[in-house]
Amino acid sequence: MASQTQTLAGWKWRRHSSDEEWHACAHNNPTTEIFVDLIDAKRIPNPFLDQNERLVQWVGETDWEYQCEFVHEPNAKHSRRDLVFEGLDTYASVFLNDRLILISSNMFHRHRIDVSDVLQSGVNVLRIVFRSALHEGRALEAKHGKFRAFNGEGSRLYVRKAAYHYGWDWGPILLSCGPYREIRLETYASIIYDVFACAAVAEDLQEASLDVSWSAILDRDVDINVTVTSPSQRSFHALSTLASGDSQGRTTFSITQPELWYPIGHGSQVFYTVELHVRSKDGDAVHASTMTVGIRRVRLVQQALLDEPGTSFFLEVNNQPVYISGANYIPGHSFLTTLTPEDYAATVESCVQGNQNMLRIWGGGIYEHEALYAECDRRGVLVWQDFMFACGQFPCYPEFAQSVQKEAADQLKRLRNYCSIVLYAGNNEDYQVIESLGLDYNPDDHSGDWAGTTFPARTIYETLLPAAMSEHSPGVPYHPGSPWGGSRTDDRTIGDIHQWNVWHGTQEPYQMWDKLTGRFVSEFGMLAYPSIRSVPRFATDPRQRHPQSAVMELHNKAEGGVRRLALYVLENIRVDSMRLESWIYATQLIQAECLAFAVRSCRRQWKGPSREYCGGQLIWQLNDCWPVSSWGMIDFYGERKLAFYSTKRASAPLAVGIHRSNPELKRLKSAPPQIPGAPHDLSKKSYVFDAWAVNTTLQDTQVKVEVRLFDTVTGQVRERRILEPQVLPSNRSLELIEDCKVDDKTAVQAIMRDAEGRVIARSSDWPQPLKYVHLPRSYDIRLRVLDRKVEITSNAPVKCLELYMAQEERKVCWDDNGISVFPGDTYVVHAAGLREGDDVRIRYYGADWVPNKAQLNDGSAIEDDDGMNKTDNVNCSNNGLTNHLSRARVNGSAEAPDSG
């Protein structure tokens, strides 16, 4: 009598309303989509390569259909037979044995359809017609009127589909369709589903109630045995009886001394097991459900601050304030069905390795695959979950509102048992769009229904979604939008902000980042090219592998991307070549400097109780969905850019930072005009620097900090300061030194050691802009390549030294890169997969415009005749000592402090 489940697979596809034969999908997967199948069948070129995106736009303007066959053998004891659809992309008409059983128009809906009267014994045929979302959206736009969208065309606002499929400023236009999530046949007499284990933890954390509820479809009276087992194997039992026809059930457990789930860095990730066993009155097993849940108490804290206006914005888990260093996550592929659980696990592993404790699931993608949330639960990475509205003026007519209500309920029920989800936001940047367009918005109007205004979707964000949260996911904080708070979305004293005045907006110098922080910065970024290893994988013609090629520019979707990137590079660093390798290094160095400076500026403002002036920052963005120049820190092929490492250092639980004043930098462009003639100011400039440390662990930590000032040309130490040993208080930052004089020919390094003298953090600061900095006439850089590590020393300060393997096919996993190396300090970089004597090479800032020499362990030198690095690397090895000259042709830096 137990229920049975059959997952459907073996799909075939063809163009709808055509006489063409069905084409079998190349893989017998339960999910698929049209672009994947067309590529596999060699009907279209891969749109990720070259300029092929232009050649495949017809696919999104075409109707398609899918079909699969499955065998059903009826069980006389099963009175119900359901087809369960976890997701159809997007406008779908579903036929079983040529009978219409479902019409779906929302990619984020889930459906359970009773097909008992349609299903037949033996072979059954399921066919799904997918109509073009582009055409359907344009028809709705013509009916209801044009609304504005930022990114993608306006018709997308009417279509409940992943918005990024319409193209974004980092992604292609690839309007896919298909059965992108699982479809299964469930046969049963009685079942329970949508089980929810809702925990409420007392303020003192000494007790918790665990409310276990479920939906049911029953054809008889049943007993439901509910067992909850704690991580330490304590068991709790309850018996619930439901009558035939009952559709809901519930039981509540009181748990003393609950074992709590904590985010990474704050405690253990432990889980309770919840088991439900359904039995008929005569004792037969009918159905069973098992799940694991983490119990935790979550608060979004928005309260008054000491000494500054506005309110805080930070998360508290189990009464512990948690500073957020994280990133925004976009869908990991333009074709969602190609992603595997291993891909999602790798994403979360990258967060952990990068010292990131939160992913924001951005509102222009999808409610993500269960594998991602499960891995976040397991690893302790928190999740900020947007509802799927992004960058537009969305409608709210009755049919649209009803679709959204079902979408919210369906997805909240699917996601509500993941303890890593600690915040929901109603949309991405829609309030900002309304401000930009000057549409109706009165924060003092709390009527709850704004459907008749020019901002109708406010009804969704402030009425419908909060109601859905209250019903289906109580206990998780809700935020109406991101950014949102205060009188405007750019209010830096209330709520969260998206700080895009670096790159977008007023395009500030990123050295101004200390003046751009807010209570919580949920987006900010800087664009960079993908890895040099990645370019040949999508630019198949070697003639297209240069920064100004048509292919490279097509794979840069950012508005004004070419100009703005050149602006930031040329304003900050010296460029001696436009070779692709050099330009990639330059753009990645700019990104690394900018993002690390931003992270440090935000973390410095985490100053302890009632002084949480910044509660966290989320970098835009972690990843890419296709090969592209973007804000991603990890490119589409998994290559980590320099920014991954610079922000890893800046986000470390124990970190030290340096910041120097820079009178050369202009005020914000939104500030009053500069005094005429200021560019010709010839007065002598004076500089000072500050140093601070941050400790986001839960233990006070005793440290010793040494600060050294170096002549950038000679490498000589101009000044050395050893600060008195002190204790860094837990979970806050601490100012170390203030207003120390420094000139524009001096680089500063800070080293923080623990009580035993071990190095636990480094930071450095260079004169800005770096293009003015004088560097040594020659460098003496030594590399010692050993198993799983490289030891690096230098006779003079080296900026942004990047390690890479000479063999393209060999890939090692560096635990650090893009580092600054100073005399008298051996920098050790660990690398999984590295072997002693491997051909490790380097790039670094200034490699092309100063003579270089590689030093052997016997003291002899090899120097280029012309004082410039040659195309061929010098490779000298002796007993594990390997020295390599850089091939870089661009010398770059951008922002003041560098965490290396």
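Taking the ring centre of Phe710 as origin, the terminal cationic atom of Arg718 falls outside the region bounded by 6.0 Å and 45° from the ring axis. Remark: Arg604 is positioned above the aromatic ring of Trp692, its terminal NZ or CZ atom under 6.0 angstrom from the ring centre and at most 45 degrees off the axis. Within the cation-pi definition used here (under 6.0 Å to the ring centroid, within 45° of the axis), Arg579 does not qualify as a partner of Tyr585. No cation-pi contact links Arg600 to Phe597, judged by a cut-off of 6.0 Å to the six-membered ring centre and 45° from its axis.
When ring centroids are compared, Phe822 and Trp766 come within the 6.0 Å threshold. Taking the six-membered ring where the residue is Trp, the centroids of Tyr804 and Trp814 are separated by 6.0 Å or more.
Ring geometry for Tyr844 against Tyr779 counts as perpendicular: the plane angle is over 60°, on a 0 to 90° scale with 30° as the lower cut. Relative ring orientation between Trp631 and His504 is described as tilted, the plane-to-plane angle lying within the 30° to 60° band. A parallel orientation is assigned to the rings of Trp503 and Tyr568, their planes being inclined by less than 30° (bins at 30° and 60°).
Using modelled atom types, no side-chain atom of Lys704 and backbone atom of Met752 make a donor-acceptor pair closer than 3.5 Å. Listed for the Ser646 side chain is a donor-acceptor partner under 3.5 Å among the backbone atoms of Ala592.
Here CG of Leu595 is found 15.0 Å from OH of Tyr645. Values are rounded to the nearest 0.5 Å. The line from CD of Gln699 to CG of Asn731 is 10.0 Å long, rounded to the nearest 0.5 Å. Rounding to the nearest 0.5 Å gives a distance of 9.5 Å between OG1 of Thr746 and CZ of Phe689.
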Go through the steps for Arg753 and Glu706 under the test side chain to side chain contact (heavy atoms under 4.5 Å, CB included), then give the verdict. CA-CA 8 Å; Arg753 296 180 172 88; Glu706 176 185 1; 3.1 Å; yes

Trace of the side chain to side chain donor-acceptor pair (under 3.5 Å) decision for Asn556 with Tyr529: CA-CA 9 Å; Asn556 181 349; Tyr529 270 53; 5.3 Å; no

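When only modelled atom types and interatomic distance are considered, Ser630 and Asp624 share a side-chain donor-acceptor pair under 3.5 Å. Side-chain contact of Asp635 with Ser531: a donor-acceptor pair under 3.5 Å is absent, judged by distance alone. Side chain to side chain, Glu508 and Thr506 meet the donor-acceptor criterion of an N or O pair below 3.5 Å. Inspection of the Glu523 and Trp500 side chains reveals an N or O donor paired with an N or O acceptor under 3.5 Å. Side chain to side chain, Gln749 and Ser820 fail the donor-acceptor criterion of an N or O pair below 3.5 Å.
Checked against salt bridge (Lys or Arg N to Asp or Glu O under 4.0 Å), Glu639 has the following partners two or more places apart in sequence or in another chain: Arg533, Lys811. Here Val828 pairs with Lys789, Glu791, Thr826, His830 under the side chain to side chain contact (heavy atoms under 4.5 Å, CB included) rule; sequence neighbours left out.
Between Glu308 and Lys607, none of the side-chain N atoms (NZ, or NE/NH1/NH2) sits under 4.0 Å from a carboxylate O, so this pair counts as no salt bridge.
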